[in-house]
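Following: one structure in structure tokens, then a few remarks.
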Amino acid sequence: MANGRLLGLGVGPGDPELITLKALRYLRESPVVAYYIGKDKRGNALSSVESYLRPEQILLPLVYPVTGKKPPPPFDYEAAMRDFYDAAAEQVAEHLAAGRDVATLCEGDPFFYGSFMYLHDRLADRFEADVVPGVCSVVASASVLRTPLVYRDQTLLVVAGTLPEEELTRLLSGVQAAAIMKLGSNFEKVRRVIGRLGLDERALYVERATMADQHIRPLAEVDPQSVPYFSMVLLPGERWQG
């Protein structure tokens, strides 16, 4: 019996209509659909494609051991996540070894900060793997903010808000254009850096871009306690007067 295929499907940033035709075809054809979720949550990826699923498909939730703010030491967050991805890979491998394709849902794009990559790292040398790119949060955010990101030969920097404040300051100093991801509890730190560098007037904020509960707010009016993980600050490139 032939093994099943490991399929990484980019299902887009949240709007159900932003899934590609290829990802939709693979999704509907696969007997098993795997998806990452937090404990007691449904998960954005599953919610965005739920209307496309068939009743007979097997759903395989991969439940994160930790979501949100990392627990303080002595909790070993990195070890806990490695163990989780190892276990998740073996759950998926059982279906693959039984000859069943597994479509793994990934918000945005599977290889752009996508959790699917950790399954791919562990399984792609054992099973056939195929990856379908998706609309990522950076371009989705630019779209809903109605702003071009970069003109002509400008450089776009993508950084994670989880970086230390000093490193964010160094990276964003003199930047032509940037997308700052993974805000959540890191928002106030990111806003301090933006203010210190005099980038306040350029900065645009959006949370849950393209989702039903999307919000766009001026940076100065954002309550740091309300900022979700799925939020973004864009620093668009200077407009080209062509």
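As the structure is a prediction and not an experimental result, all values here were calculated from the model.
Leu199 and Val227 end up in the same hydrophobic cluster when Ile, Leu, Val, Met, Phe, Trp and Tyr side chains are linked at under 4.5 Å. Residues Val102 and Leu62 are members of one and the same hydrophobic cluster, defined by side-chain heavy-atom contacts under 4.5 angstrom among Ile, Leu, Val, Met, Phe, Trp and Tyr. Val32 and Leu53 fall into different hydrophobic clusters, where Ile, Leu, Val, Met, Phe, Trp and Tyr are joined by side-chain heavy atoms under 4.5 Å apart, directly or via other members. Leu119 and Tyr35 are not part of a single hydrophobic cluster, where members link through side-chain heavy atoms under 4.5 Å apart. By the criterion of side-chain heavy atoms lying less than 4.5 angstrom apart, applied directly or through intervening Ile, Leu, Val, Met, Phe, Trp or Tyr residues, Leu7 is grouped together with Ile19 in one hydrophobic cluster.
Between Val92 and Leu60, the closest side-chain pair of non-hydrogen atoms falls below 4.5 Å. The shortest side-chain heavy-atom distance between Leu105 and Leu27 falls under the 4.5 Å cut-off. At a threshold of 4.5 Å between non-hydrogen side-chain atoms, the residues Val11 and Cys106 do not count as touching. Side-chain contact between Arg239 and Pro148 is absent, with no heavy atoms from C-beta onward closer than 4.5 Å. Between Leu6 and Thr104, the closest side-chain pair of non-hydrogen atoms falls below 4.5 Å. Between Val175 and Val159 there is no side-chain heavy-atom pair separated by less than 4.5 Å.
Within 6.0 Å of CD in Glu238 there are 12 or fewer heavy atoms belonging to other residues, nucleotides or ligands. The 12-atom threshold is not exceeded at OH of Tyr118, counting heavy atoms of other residues, nucleotides or ligands nearer than 6.0 Å. Heavy atoms of other residues, nucleotides or ligands lying less than 6.0 angstrom from CZ of Arg42 number 12 at most.
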In sequence, state the C-alpha distance, the side-chain angles, and the governing distance for His215 and Tyr205, and then conclude on ring pair (Phe, Tyr, Trp, His ring centres under 6.0 Å). CA-CA 9 Å; His215 291 288; Tyr205 171 86; 9.5 Å; no
Where do Glu50 and Tyr52 land on the side-chain hydrogen bond (donor to acceptor under 3.5 Å, both in side chains) test, with the steps shown first? CA-CA 5 Å; Glu50 199 163 20; Tyr52 301 129; over 6 Å; no
Using the rule given for side-chain contact (heavy atoms from CB on, under 4.5 Å), can you reason through Leu171 versus Leu163, listing the C-alpha separation, both sets of side-chain angles and the distance that settles it, and then say yes or no? CA-CA 10 Å; Leu171 290 169; Leu163 291 172; 3.7 Å; yes
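In the hydrophobic clustering (ILVMFWY side chains linked at under 4.5 Å, chained through shared members), Leu204 is joined by Phe112, Tyr113, Val138, Val144, Leu145, Leu149, Val150, Leu156, Val158, Met181, Val206, Ile216, Met232, Leu234. Through direct or relayed side-chain contacts under 4.5 Å between Ile, Leu, Val, Met, Phe, Trp and Tyr, Trp240 connects to Tyr151.
Heavy-atom minimum distance, Gln57 versus Arg28: NE2-O, 3.8 Å. In terms of heavy atoms, Val66 sits closest to Pro71 at CG1-CD, 3.7 Å. Contact record, Met211 with Pro13: CE-O, 3.3 Å, taken as the closest heavy-atom pair. What you find for Gly237 and Gln154 is that their closest heavy atoms are CA-OE1, 3.4 Å. The minimum heavy-atom distance between Ser231 and Pro228, with the atom names listed, is OG-O, 2.7 Å. Counting all heavy atoms, side chain and backbone alike, Asn186 lies closest to Gly161 at CB-O, 3.3 Å.
A distance-only check finds a donor-acceptor pair linking the side chain of Gln214 to the backbone of Thr210 [under 3.5 Å]. Arg191 contributes a side-chain N or O that, together with a main-chain N or O of Val222, makes up a donor-acceptor pair within less than 3.5 Å. Ser226 contributes a side-chain N or O that, together with a main-chain N or O of Asp223, makes up a donor-acceptor pair within less than 3.5 Å. Of the possible polar contacts, one joining the Thr20 side chain to the Ala23 backbone as a donor-acceptor pair under 3.5 Å is found. Using modelled atom types, no side-chain atom of Arg208 and backbone atom of Phe230 make a donor-acceptor pair closer than 3.5 Å.
Under the rule for a side-chain hydrogen bond (donor to acceptor under 3.5 Å, both in side chains), Glu17 has no partner lying at least two apart in sequence or in another chain.
With respect to Lys189 and Glu167, no salt bridge is recorded, no charged nitrogen being found less than 4.0 Å from a carboxylate O. The pair Arg217-Glu207 meets the salt-bridge criterion, with a side-chain N (NZ, NE, NH1 or NH2) lying under 4.0 Å from an Asp/Glu carboxylate O. Between Arg196 and Glu165 a salt bridge is recorded (basic side-chain N to carboxylate O distance below 4.0 Å).
The line from CZ of Phe116 to OH of Tyr36 is 8.0 Å long, rounded to the nearest 0.5 Å. For the atom pair Ile194 CD1 and Leu235 CG, the distance stands at 5.5 Å (nearest 0.5 Å). Between the NZ atom in Lys182 and the OG1 atom in Thr162 there is a gap of 5.5 Å [rounded to 0.5 Å]. Leu46 CG to Glu107 CD: the interatomic distance, rounded to the nearest 0.5 Å, is 10.0 Å. To the nearest 0.5 Å, atoms CZ (Arg25) and CG (Leu9) are separated by 10.5 Å. In this structure, the separation between CG on Asp130 and NZ on Lys22 is 5.0 Å, given to the nearest 0.5 Å.
The closest side-chain donor-acceptor pair between Ser115 and Tyr64 falls under 3.5 angstrom.
Under the 6.0 Å distance and 45° angle rule, Arg5 counts as a cation-pi partner of Tyr26.
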